[in-house]
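Each residue takes its place number in the sequence, starting with 1.
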Amino acid sequence: MAAFVDTAREVARHLLEKPLPRRWRHVQAVAAKADRISGAVPAEDRDVLVASAWLHDVGYSPDLVDTGFHSLDGGRWLRREQFNERVAALVAHHSCAWLEAEERGLDEVLAAEFPREETPVTDALCFSDMTTGPDGQDFEVLDRLAEIRSRYGPEHLVTRFICRAEPEMVAAVQRTQRRLSGSVAQPM
């Protein structure tokens, strides 16, 4: 299934590298981290995790913006392009996106269009995203959340979302760390 991951990488590169180079750096680092920590998920889910990491932010691409909610826009585009349905749903719901959807008044739309799973894969995707900074640097989860709040400012809906999502994001990171401690040690 390596071709599946290669396709995801090339799609993300095409959509993000030139128009959003900083976002592209973040995505590359998130995908590399997802690959490194893939031992936290069952073997049959590892390619899905890594492909989802490559594609998690494609909804930021200027070519894909529809609602302005990158998770939903990315998931919808992936579905239209007939990507793996599970990957599209993981992108649509990545990193507690259902809480951001509530802030945007899109929670019913998101829930109606994409099933939300709660699995080691969702935790590992959140771990990879929420421990990687905007330029690809490694962060502790609380530092990453503080960086996001600082970047958007105190009144922004993304800041409100991050404040609401923090307990679940921290828990997802911790669950992934526990799963990793039970598997072969992998560098972060």
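Atoms NE2 and CE, from H94 and M130 in turn, are 6.5 Å apart once rounded to the nearest 0.5 Å. The distance from atom SG of C163 to atom CD1 of I148, rounded to the nearest 0.5 Å, is 10.5 Å. The CE atom of M169 lies 3.5 Å from the CZ atom of F161; values are rounded to the nearest 0.5 Å. With values rounded to the nearest 0.5 angstrom, R76 atom CZ is found 10.5 Å from F69 atom CZ. From L72, atom CG reaches atom NE2 of H93 across 9.0 Å, with rounding to the nearest 0.5 Å. E10 contributes atom CD, which lies 11.0 Å from atom CG of L15 (distance to the nearest 0.5 angstrom).
Between S128 and I37, the closest side-chain pair of non-hydrogen atoms falls below 4.5 Å. Proximity of V158 to I162: side-chain heavy atoms (C-beta onward) are separated by under 4.5 Å at one or more points. In this structure, the side chains of H56 and V30 come closer than 4.5 Å at one or more pairs of heavy atoms. Counting heavy atoms from C-beta outward, V121 and R86 have side chains that approach closer than 4.5 Å. Counting heavy atoms from C-beta on, the side chains of F114 and V91 never come closer than 4.5 Å. Side-chain contact check for D57 versus S71: every heavy-atom pair is 4.5 Å or farther apart. Using a 4.5 Å cut-off on side-chain heavy atoms (C-beta onward), E102 and L110 make no contact. By the 4.5 Å heavy-atom criterion applied to side chains, Q28 and K33 are not counted as neighbours.
A salt bridge links E103 with R164; the closest basic N to acidic carboxylate O contact falls under 4.0 Å. A salt bridge links E147 to R151: one of the charged nitrogens lies within less than 4.0 Å of a carboxylate oxygen.
Side chain of R144 to main chain of F139: no donor-acceptor pair is present (N/O by atom type, distance under 3.5 Å, no hydrogens or angles). T176 places a side-chain N or O within 3.5 Å of a backbone atom of D123 that can act as its donor or acceptor partner. A donor-acceptor pair under 3.5 Å links the side-chain atoms of N84 to the main chain of V87, judged by distance alone. In this structure, the side chain of R23 does not engage the main chain of Y60 through any donor-acceptor pair within 3.5 Å. Remark: side-chain polar atoms of Q137 are paired, donor with acceptor, to backbone N or O of D135 under 3.5 angstrom. Using a distance-only test at 3.5 Å, with no hydrogens or angles considered, a donor-acceptor pair links the side chain of D73 to the main chain of G68. Not one N or O on the side chain of R104 forms a donor-acceptor pair closer than 3.5 Å with the backbone of L157. A side-chain donor-acceptor contact under 3.5 Å links T122 to the backbone of T119.
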task = Please test E166 against R149 for side chain to side chain contact (heavy atoms under 4.5 Å, CB included), starting from the C-alpha separation and ending with a verdict.
result = CA-CA 11 Å; E166 182 173 319; R149 288 192 296 269; 3.0 Å; yes
request  = Check the pair L90, V48 against side chain to side chain contact (heavy atoms under 4.5 Å, CB included), reporting the backbone distance first and the verdict last.
outcome  = CA-CA 9 Å; L90 286 163; V48 168; 3.4 Å; yes
request  = Take V11 and F83, measure what side chain to side chain contact (heavy atoms under 4.5 Å, CB included) needs, and give me the verdict at the end.
outcome  = CA-CA 11 Å; V11 165; F83 272 78; 3.5 Å; yes
key: CA sep, side-chain torsions, deciding dist, call: W54, V5, side chain to side chain contact (heavy atoms under 4.5 Å, CB included)   = CA-CA 8 Å; W54 277 113; V5 173; 4.0 Å; yes
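Contact record, P42 with P120: CD-CB, 4.5 Å, taken as the closest heavy-atom pair. In plain terms, the two heavy atoms of C96 and E168 that are nearest each other are SG-CG, 3.5 Å. When every heavy atom of W24 is checked against every heavy atom of R9, the shortest pair comes out as CH2-O, 4.0 Å. Between L64 and V58, the shortest heavy-atom contact is CD1-O, 3.3 Å. Residues L125 and L49 come closest through the heavy atom pair N-CD1, 3.6 Å. Heavy atoms only, all atoms of each residue included: V27 and A12 are closest at CG1-CB, 4.4 Å.
Cluster annotation: L142 is connected to Y152 through the hydrophobic network of ILVMFWY side chains, with a link wherever side-chain heavy atoms come within less than 4.5 Å.
When the shell of 6.0 Å around CD of E140 is examined, it contains 12 or fewer heavy atoms from other residues, nucleotides or ligands. In this structure, E81 places its CD atom where more than 12 heavy-atom neighbours from other residues, nucleotides or ligands lie under 6.0 Å away. Enclosure of atom NE2 in H156 by more than 12 non-hydrogen atoms of other residues, nucleotides or ligands within 6.0 angstrom is indicated.
Cation-pi check for R175 over F127 is not met; the charged atom does not lie both under 6.0 angstrom from the ring centroid and within 45 degrees of its normal.
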